[in-house]
Amino acid sequence: MKKALLVVNPSSGGEKAKEYEKMIHEKLKTLFDEVRVLFTEKAGDAKKFTREAASSNYHSVFVMGGDGTVNDLARALNISLEPEKAIQNLSIDSFKSIDIGKINDAYFMNIAAIGTIPEAINDVESKKKTKYGKLAYFISGLKQLIDTQSYTFQLNIDGQKEMIKSSTLLIGLTNSIGGFETLIPNAKVNDGKLHFIYLKDSSLLDTLKTIPDLLKGIEESTNHLAYQTCEKIAISLVDDVELATNVDGDEGEKLPVRIHVLPSHLTIYC
């Protein structure tokens with residue numbers, strides 16, 4: 001008997017959330033023998049539910065979330081961002097294996113970010129993220145951008161050690177990050193690589209100079225930012241300060257961290 005779990009964030013999806021929930025539930029009942037629906041109430045619930053589903057031999061897990069990581073992954077997999085269309089097109093006969101990133105003992109499927117702007121995003125309350133979406137991130141990031149702070153990082157990239165100074169480090173797995181569909185145009189969901197970017201900035205002016213490169217899409221290093229692919233990267237701070245990571249839009253562990261890619265680790269219906 002094929003069982004499926006549907007995990008729903010009840011605060012996402014706006015006024016039509018209940019309608020979408022009913023639509024996906026009805027769709028899944030045509031594909032599986034049993035469908036269980038669980039609603040998140042606090043941080044960590046989704047992780048708990050999915051772990052329990054895995055240990056209970058559920059065939060598949062589906063997540064109904066907000067407009068952040070879920071939508072970036074949908075863009076990378078060419079899944080419609082229109083909920084009705086995405087639900088109608090769902091087929092368990094169409095799937096793809098994707099890479100997953102591991103950062104210390106946690107996992108991510110889109111991006112791990114470190115530095116000034118990611119630190120600002122960590123300070124955005126969950127309610128504001130849900131209510132204002134990208135605007136909440138933009139306002140918080142803009143406030144922090146005015147007071148840009150650079151850090152000295154010690155890196156170990158695939159065994160090669162390097163010291164850099166930067167305000168922001170990004171480690172991506174897909175081409176679509178933060179709603180920008182071509183931020184890393186060469187990144188594929190199953191290329192077995194981490195895509196590492198850092199800004200070469202030590203002032204607000206330096207940071208502003210990186211914006212055209214970011215908007216154009218990053219295929220190689222420039223005068224204002226560095227880009228390379230790797231399989232493993234260890235990151236620590238030379239300075240005696242604390243700095244938390246931002247993992248798929250939520251606050252992650254503080255530095256130091258070790259990150260590596262798990263190639264074709266998760267199967268996604270698309």
Side-chain angles (χ1 to χ4, degrees), residues 43 68-69 72 99-124 129 134 136-138 140-158 160-180 183-184 187 193-204 206-211 213-214 218 221-222 224-262:
T69 301
D72 277 322
D99 300 336
I100 293 294
K102 186 171 185 182
I103 175 167
N104 289 351
D105 293 324
Y107 299 86
F108 65 99
M109 60 175 58
N110 186 229
I111 185 170
I114 302 164
T116 301
I117 295 176
E119 185 83 349
I121 291 172
N122 286 339
D123 294 335
V124 179
K129 291 180 185 179
K134 291 179 185 175
Y137 293 112
F138 178 78
S140 182
L142 188 61
K143 288 178 180 177
Q144 194 70 27
L145 189 63
I146 295 171
D147 189 27
T148 298
Q149 179 179 354
S150 291
Y151 303 88
T152 303
F153 296 96
Q154 178 67 54
L155 310 177
N156 186 326
I157 304 174
D158 287 341
Q160 299 296 315
K161 293 183 179 181
E162 181 181 355
M163 191 176 294
I164 64 167
K165 189 165 186 177
S166 175
S167 73
T168 302
L169 282 58
L170 306 173
I171 301 95
L173 289 171
T174 74
N175 63 298
S176 180
I177 292 175
F180 295 95
L183 184 65
I184 315 175
K193 298 292 184 181
L194 299 172
H195 295 260
F196 175 56
I197 300 164
Y198 70 84
L199 309 189
K200 299 176 181 178
D201 60 344
S202 57
S203 67
L204 173 58
D206 289 339
T207 306
L208 293 175
K209 288 178 181 178
T210 69
I211 294 176
D213 290 339
L214 292 168
I218 304 160
S221 296
T222 71
H224 309 300
L225 54 81
Y227 167 69
Q228 70 179 97
T229 60
C230 59
E231 296 177 5
K232 297 179 180 179
I233 180 169
I235 304 171
S236 59
L237 278 170
V238 174
D239 310 307
D240 187 22
V241 295
E242 285 193 350
L243 187 61
T245 58
N246 183 282
V247 181
D248 280 343
D250 294 313
E251 185 170 356
E253 294 187 37
K254 292 181 172 61
L255 296 186
V257 293
R258 292 181 177 274
I259 305 172
H260 68 275
V261 64
L262 303 172

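A distance-only check finds no donor-acceptor pair linking the side chain of Asp99 to the backbone of Val261 [under 3.5 Å]. When atom types are taken as modelled, the side chain of Thr245 and the backbone of Ala113 share no donor-acceptor pair closer than 3.5 angstrom. With Ser166 contributing its side chain and Tyr198 its backbone, the two residues share no donor-acceptor pair below 3.5 Å. Judged by distance alone, with hydrogens and angles left aside, the side-chain atoms of Asp248 form a donor-acceptor pair with the main-chain N or O of Asn110 at under 3.5 Å. Using modelled atom types, no side-chain atom of Asn175 and backbone atom of Ile184 make a donor-acceptor pair closer than 3.5 Å. Using a distance-only test at 3.5 Å, with no hydrogens or angles considered, no donor-acceptor pair links the side chain of Asp158 to the main chain of Cys230. Looking at Ser150, its side chain does come within 3.5 Å of a backbone N or O of Asp201 through a donor-acceptor pair.
Scanning both residues, Leu262 and Lys102, for their nearest heavy atoms gives CD1-CB, 4.3 Å. The two atoms that bring Ala244 and Gly252 nearest to each other are CB-O, 4.1 Å, heavy atoms only. The two residues Thr229 and His195 have their closest heavy-atom pair at CG2-ND1, 3.5 Å. In terms of heavy atoms, Leu225 sits closest to Thr210 at CD2-O, 4.3 Å. Closest approach of Asn246 and Glu251 over heavy atoms only: ND2-N, 4.3 Å. Considering all non-hydrogen atoms of both residues, Pro256 and Asn104 come closest at O-ND2, 3.5 Å.
Atom CG of Asp105 sits in a sparse spot, with 12 or fewer heavy atoms from other residues, nucleotides or ligands closer than 6.0 Å.
Within the 4.5 Å cutoff, side-chain heavy atoms of Glu162 are placed close to those of Ile157. In this structure the side chain of Phe196 never reaches within 4.5 angstrom of the side chain of Leu170, judged on heavy atoms. Contact of the Arg258 side chain with the Ile103 side chain is not registered, since no non-hydrogen atoms from C-beta on lie closer than 4.5 Å. Between Phe153 and Leu237 the shortest side-chain heavy-atom distance falls below 4.5 Å. Looking only at side-chain heavy atoms (C-beta outward), Leu214 and Leu183 come within less than 4.5 Å of each other. In this structure the side chain of Glu231 never reaches within 4.5 angstrom of the side chain of His260, judged on heavy atoms. Tyr151 has its side chain out of reach of Lys165: every pair of non-hydrogen atoms, C-beta onward, lies at least 4.5 Å apart. Looking at Leu243 and Ile114, their side chains come closer than 4.5 Å, going by heavy atoms from C-beta outward.
The distance from the OG1 atom of Thr152 to the CG atom of Asp239 is 4.5 Å, given to the nearest 0.5 Å. Rounding to the nearest 0.5 angstrom, the gap separating the CD1 atom in Ile235 from the CD1 atom in Ile259 is 4.5 Å. With rounding to the nearest 0.5 angstrom, the OG1 atom of Thr168 is 10.5 Å from the CD atom of Gln149.
By the ring-ring contact (aromatic ring centres under 6.0 Å, His included) test, Phe108 pairs with no residue at all, sequence neighbours left out. In this view, Thr222 and Asp213 satisfy the side chain to side chain donor-acceptor pair (under 3.5 Å) rule, not counting sequence neighbours. For Asp206, the side chain to side chain donor-acceptor pair (under 3.5 Å) partners two or more places apart in sequence, or in a different chain, are Ser202, Ser203.
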**Message:** Working note: Asn156 + Ile233, criterion side chain to side chain contact (heavy atoms under 4.5 Å, CB included); need CA distance, chi angles, decisive distance, verdict.
**Reply:** CA-CA 6 Å; Asn156 186 326; Ile233 180 169; over 6 Å; no
**Message:** Between His224 and Lys200, is the side chain to side chain contact (heavy atoms under 4.5 Å, CB included) condition met? List the steps.
**Reply:** CA-CA 5 Å; His224 309 300; Lys200 299 176 181 178; 5.6 Å; no
**Prompt:** Passes side chain to side chain contact (heavy atoms under 4.5 Å, CB included), Leu169 versus Leu155? Steps please.
**Reply:** CA-CA 11 Å; Leu169 282 58; Leu155 310 177; 4.2 Å; yes
